[in-house]
Student: 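Once you've had a glance at the structure underneath, I'll fire off some questions.
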Amino acid sequence: MSYFNYNYALMRKMPKSFEKEAIRMDETQEVDFVKARQQLDNYKDALTKLGLEVIDLDADEEYPDCIFVEDPAIVIGKKALVTRLGHVNRRGETGPIKEVLQNKLQLDITEMKDEYATVDGGDVLFTGKEILVGLSARTNEKGVKTIAETFPEFPVSGIPVHPTVLHLKSIATMLGDGVMAVGGSSAAKEMFQAVKNKSKFNYKYVELERDPSANVLYINGKVVHKTQPELGDNDYKKLLSNISGDRIEVCMDEMYKVDGCLSCCSILINS
Ligand code: CIR
């Protein structure tokens with residue numbers, strides 16, 4: 001059984017507050033709300049085309065970043081860990097997510113109890129064999145410990161995240177079974193070295209020039225990746241030559257202004 005086979009995706013609609021209030025590392029970035037919402041709609045269509053049933057939760061104006069559902073819960077197989085998010089303003093995003101995972105999808109739920117532990121799902125890279133967890137401004141050692149306790153069937157290793165990078169998955173995701181895409185900035189290269197040193201299994205690494213190119217979705221043998229203008233010609237060619245199955249391109253440049261990427265807008269589930 002592959003852990004990358006899914007039949008559901010959990011998403012959340014975009015609140016109007018996203019435009020002005022979504023947290024961003026570069027505060028000069030201005031979001032075009034109409035474009036951003038269209039990009040989220042296109043993303044949902046891509047998941048639907050891949051055969052997933054998309055559960056699309058209502059927006060919550062109180063939580064401008066609530067579309068980034070990857071962060072409030074980690075789902076592996078039939079288990080879900082509802083996180084204590086690293087950014088205090090995002091902590092209230094978990095309620096409706098937990099409700100659906102528990103009641104509709106019948107997953108086995110764990111909630112983070114330790115009031116000092118924090119995890120953002122964007123730091124949690126599940127390779128199919130082990131869990132690599134970014135130690136970042138959002139995810140701490142106690143959070144890594146909670147992940148290890150929740151998923152004792154997998155080795156769990158902490159990977160230092162460079163201060164200029166938001167999450168581990170901002171620079172690395174799975175592109176196929178045993179294949180990892182990684183970004184090429186100097187910060188990403190440092191993190192990649194730690195991934196190679198700390199991981200317990202060997203992977204094929206597809207090294208890309210741009211960090212955002214390395215955030216892809218691998219679903220049911222197919223890949224969702226960004227568009228050629230976002231990737232640049234070299235990364236576009238390299239990605240295509242490393243994808244054997246079907247693929248779908250989705251533009252996420254508005255999300256990127258607030259540090260969002262492809263993986264952060266859904267939780268992929270097999271239930
Ligand atoms: C934040 O700073 O929390 C959001 N603006 C971006 C979160 C992106 N999440 C992710 O990549 N998993």
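Each ligand, and each atom within it, is numbered from 1 in the order the structure gives. Side chains are part of it too, since the values below use all heavy atoms of this structure and drop only hydrogens, waters and symmetry mates. Heads up: numbering here begins at 1 and tracks the sequence.
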Student: Quick one: is the NZ or CZ of K16 closer than 6.0 Å to the six-membered ring centre of F33, and within 45° of its axis?
Tutor: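 Yes - K16 lies over the ring of F33, closer than 6.0 Å to its centre and within 45° of its axis.
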
Student: Select the closest option to atom 2 (O) of ligand 1 among M25, R90, R138, judged by heavy-atom distance.
Tutor: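 Among M25, R90, R138, the closest heavy atom to atom 2 (O) of ligand 1 comes from R138.
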
Student: To the nearest 0.1 Å, how far is atom 6 (C) of ligand 1 from its closest protein heavy atom, and which atom is that?
Tutor: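 It is V258 O, 3.3 Å.
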
Student: So which heavy atom in the protein is nearest atom 8 (C) of ligand 1, and how far is it from that ligand atom?
Tutor: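 Result for atom 8 (C) of ligand 1: D259 O, 3.5 Å.
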
Student: N/O to N/O below 3.5 Å, does that happen between E70 and ligand 1?
Tutor: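 Yes; the residue has a nitrogen or oxygen that sits under 3.5 Å from a nitrogen or oxygen of the ligand.
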
Student: One residue to check: C261. Relative to ligand 1, which of side chain, backbone, both or neither has a non-hydrogen atom less than 4.0 Å away?
Tutor: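 Within the 4.0 Å criterion, C261 contacts ligand 1 through side-chain atoms alone.
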
Student: Short question: side chain of D108, backbone of K78 - any donor-acceptor pair under 3.5 Å?
Tutor: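 No: the side chain of D108 does not pair with the backbone of K78.
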
Student: What residue and atom, counting heavy atoms only, is the protein's closest point to atom 11 (O) of ligand 1, and at what distance?
Tutor: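 I find the closest protein heavy atom is C264 CB, 3.2 Å.
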
Student: Pairs of nitrogen or oxygen atoms closer than 3.5 Å, one from I23 and one from ligand 1: do any exist?
Tutor: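 Yes - when backbone and side-chain N and O of I23 are compared with those of ligand 1, one distance drops under 3.5 Å.
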
Student: Pull out every atom of ligand 1 sitting under 4.0 Å from any heavy atom of G122, numbered as shown with elements.
Tutor: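 Those qualifying, in numeric order: 12 (N).
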
Student: Give me the nearest non-hydrogen protein atom to atom 9 (N) of ligand 1 as residue plus atom name, then the distance to 0.1 Å.
Tutor: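 Protein heavy atom with the smallest distance to atom 9 (N) of ligand 1: D71 OD2, 2.8 Å.
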
Student: Give the residue, atom name and distance (to 0.1 Å) of the protein heavy atom nearest atom 4 (C) of ligand 1.
Tutor: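 Nearest neighbour among protein heavy atoms for atom 4 (C) of ligand 1, to 0.1 Å: D65 OD1, 3.1 Å.
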
Student: Please check if atom CD in E62 has more than 12 non-hydrogen atoms from other residues, nucleotides or ligands closer than 6.0 Å.
Tutor: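 No, the 6.0 Å shell around CD holds no more than 12 heavy atoms from other groups.
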
Student: Taking Q106 for the side chain and N103 for the main chain, is one N or O donor matched with an acceptor at less than 3.5 Å?
Tutor: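 Flag set: sc Q106 to bb N103 pair under 3.5 Å.
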
Student: Testing V224, I67, L217 one by one against Y43 for a side-chain contact (heavy atoms from CB on, under 4.5 Å), which residue passes?
Tutor: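 Result for side-chain contact (heavy atoms from CB on, under 4.5 Å) with Y43: L217.
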
Student: Can you name the side chain to side chain donor-acceptor pair (under 3.5 Å) partners of D32, sequence neighbours left out?
Tutor: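 Once residues adjacent in sequence are excluded, D32 has no partner under the side chain to side chain donor-acceptor pair (under 3.5 Å) criterion.
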
Student: Please name all residues satisfying side chain to side chain donor-acceptor pair (under 3.5 Å) with D65, sequence neighbours left out, ordered by chain then number.
Tutor: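 D65: no side chain to side chain donor-acceptor pair (under 3.5 Å) contacts found.
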
